[in-house]
Amino acid sequence: MHESSSSVGGRAREAAGRVLGERRGTVPGKAGGEAYAPANIALVKYWGKRDEELKLPVAGSLSVSLGEWGTRTRVSRREDGSGDRVRLNGKELPGDSGFARRVSAFLDLTRPRGDFSVEVVTENTVPTAAGLASSASGFAALAGALDDWFGWGLSERERSVLARLGSGSACRSVGQGFYEWLAGTEEGGGDSYARRVEADWPEFRVGAVVVDAGEKPVGSGEGMRRAVESCPLFGGWKATVERDLAGMKAGLAARDWAAVGGIAEGNAMAMHGLMWATRPPVVYTQAGTLEAMRKVWAARAEGVGVWFTMDAGPNVKLLFDAADEGKVRGWFPEMNVVRGGGASAPR
Ligand code: PMV
């Protein structure tokens with residue numbers, strides 16, 4: 001949650017207007033709205049934007065939603081009109097904090113009038129010990145709560161486009177299961193949204209291994225910007241993603257762990273390779289990250305079906321089947337596990 005609110009401006013409000021149309025001018029018919037959205041972990045990563053303000057990616061990506069790990073958000077009117085107020089996990093955020101500003105900038109996209117102030121109460125259900133603070137579930141839940149409150153009746157695709165304007169990866173947090181973010185080609189971003197991949201895999205597990213739960217040195221927005229501008233390997237990224245997306249979708253359809261785990265791990269390594277080759281480099285990997293990676297390779301060499309992925313941070317997420325949880329825990333006793341991949345997870 002490090003991007004500045006200045007990244008949301010006139011073109012983003014126009015893009016939100018294309019989703020909401022006349023509906024943006026209406027005031028809510030009830031006192032408040034509420035929604036839950038799961039966090040997600042990309043199996044094929046999003047790294048690099050072709051449009052900063054509209055958060056349009058250079059390439060597609062694909063993620064698994066994290067069941068009961070996510071964000072629940074409630075919205076209601078602040079009658080005194082004295083500006084938005086955000087409570088996160090029971091604490092009121094200072095109005096000038098990075099996250100409060102991003103939330104307000106997002107609300108600017110949808111408010112019926114400038115003086116319409118909103119109270120946002122948001123709780124993360126991801127255990128702090130999972131080291132997985134995510135803006136994705138936050139903006140997807142906010143878009144869902146506003147939809148509930150205003151009664152817009154958004155389709156999942158419309159909700160995905162709207163959530164994307166808050167945080168790119170949020171467009172993949174609109175439901176449970178596996179979601180593919182279609183990069184799209186339209187300048188206004190109307191065709192850049194995530195849709196559910198038809199694959200149900202209730203035994204899919206994600207284990208979180210925390211290496212360092214502290215603030216990351218470079219936010220994802222800044223890291224991506226630098227990669228697009230200066231990474232000599234970036235030219236090959238789109239083709240890598242396209243190949244990995246095709247292999248991943250085939251692997252998910254066949255519930256083929258070797259394909260799914262292998263591609264997810266390779267794609268994460270390729271993204272981190274881009275980060276290392278960026279000038280100046282963007283290195284999230286720590287000694288503990290490398291240690292966990294080596295442990296995964298050692299476990300696999302002994303026949304345990306476990307793979308890893310990492311995002312813009314040092315923490316490692318393990319991917320494995322429910323049947324192997326005991327064996328994986330033998331290697332990583334401290335991991336936190338969540339069920340992903342199933343339509344039966346909470347909505
Ligand atoms: O949407 P953002 O700006 O939080 O970017 C997320 C980028 C990664 O987590 C590193 C990759 C991904 O696809 O989620």
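Note that this is a predicted model, so its numbers are computed, not measured. Both counts, for ligands and for their atoms, begin at 1 and track the order of listing. Just so you know, residue 1 is the first one in the sequence shown, and it goes up from there.
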Enumerated ligand 1 atoms positioned under 4.0 Å from heavy atoms of [X]:
X: Ser167; result: 1 (O), 2 (P), 4 (O)
X: Ala42; result: 12 (C), 13 (O), 14 (O)
X: Trp47; result: 10 (C)
X: Gly168; result: 1 (O)

Practice problem: Decide whether the shortest distance between a heavy atom of Ala312 and an atom of ligand 1 is less than 4.0 Å. | Solution: yes
Practice problem: Please determine if Arg50 and Glu187 form a salt bridge, counting it only when a charged side-chain N lies under 4.0 Å from a carboxylate O. | Solution: no
Quiz item: Are the charged groups of Arg225 and Glu222 less than 4.0 angstrom apart, N to O?
Solution: yes
Exercise. Could you verify whether a donor N or O on one side chain and an acceptor N or O on the other, from Glu156 and Tyr179, lie under 3.5 Å apart?
Key: yes
Practice problem: Would you tell me which option among Met310, Arg172, Arg164 has the nearest heavy-atom contact to atom 14 (O) of ligand 1? | Solution: Arg172
Practice problem: Only heavy atoms count here, so choose which of Gly60, Ala170, Ser220 is nearest to atom 4 (O) of ligand 1. | Solution: Ser220
Quiz item: Does any N or O atom in Lys49 lie less than 3.5 angstrom from one in ligand 1, N or O only?
Solution: no
Quiz item: Backbone or side chain, does any N or O of Ser61 fall under 3.5 Å from an N or O of ligand 1?
Solution: no
Quiz item: What orientation do Phe204 and Phe178 show, parallel under 30°, tilted 30 to 60°, or perpendicular over 60°?
Solution: perpendicular
Practice problem: Go through the steps to decide whether Tyr46 and Trp237 satisfy the test ring-ring contact (aromatic ring centres under 6.0 Å, His included), and finish with yes or no. | Solution: CA-CA 10 Å; Tyr46 150 53; Trp237 176 239; 10.0 Å; no
Self-check item: Exam field: side chain Ser97 to backbone Leu93, donor-acceptor pair closer than 3.5 Å
Solution: no
Quiz item: If only atom types and distance count, is the side chain of Lys295 paired as donor or acceptor with the main-chain N or O of Trp331 below 3.5 Å?
Solution: yes
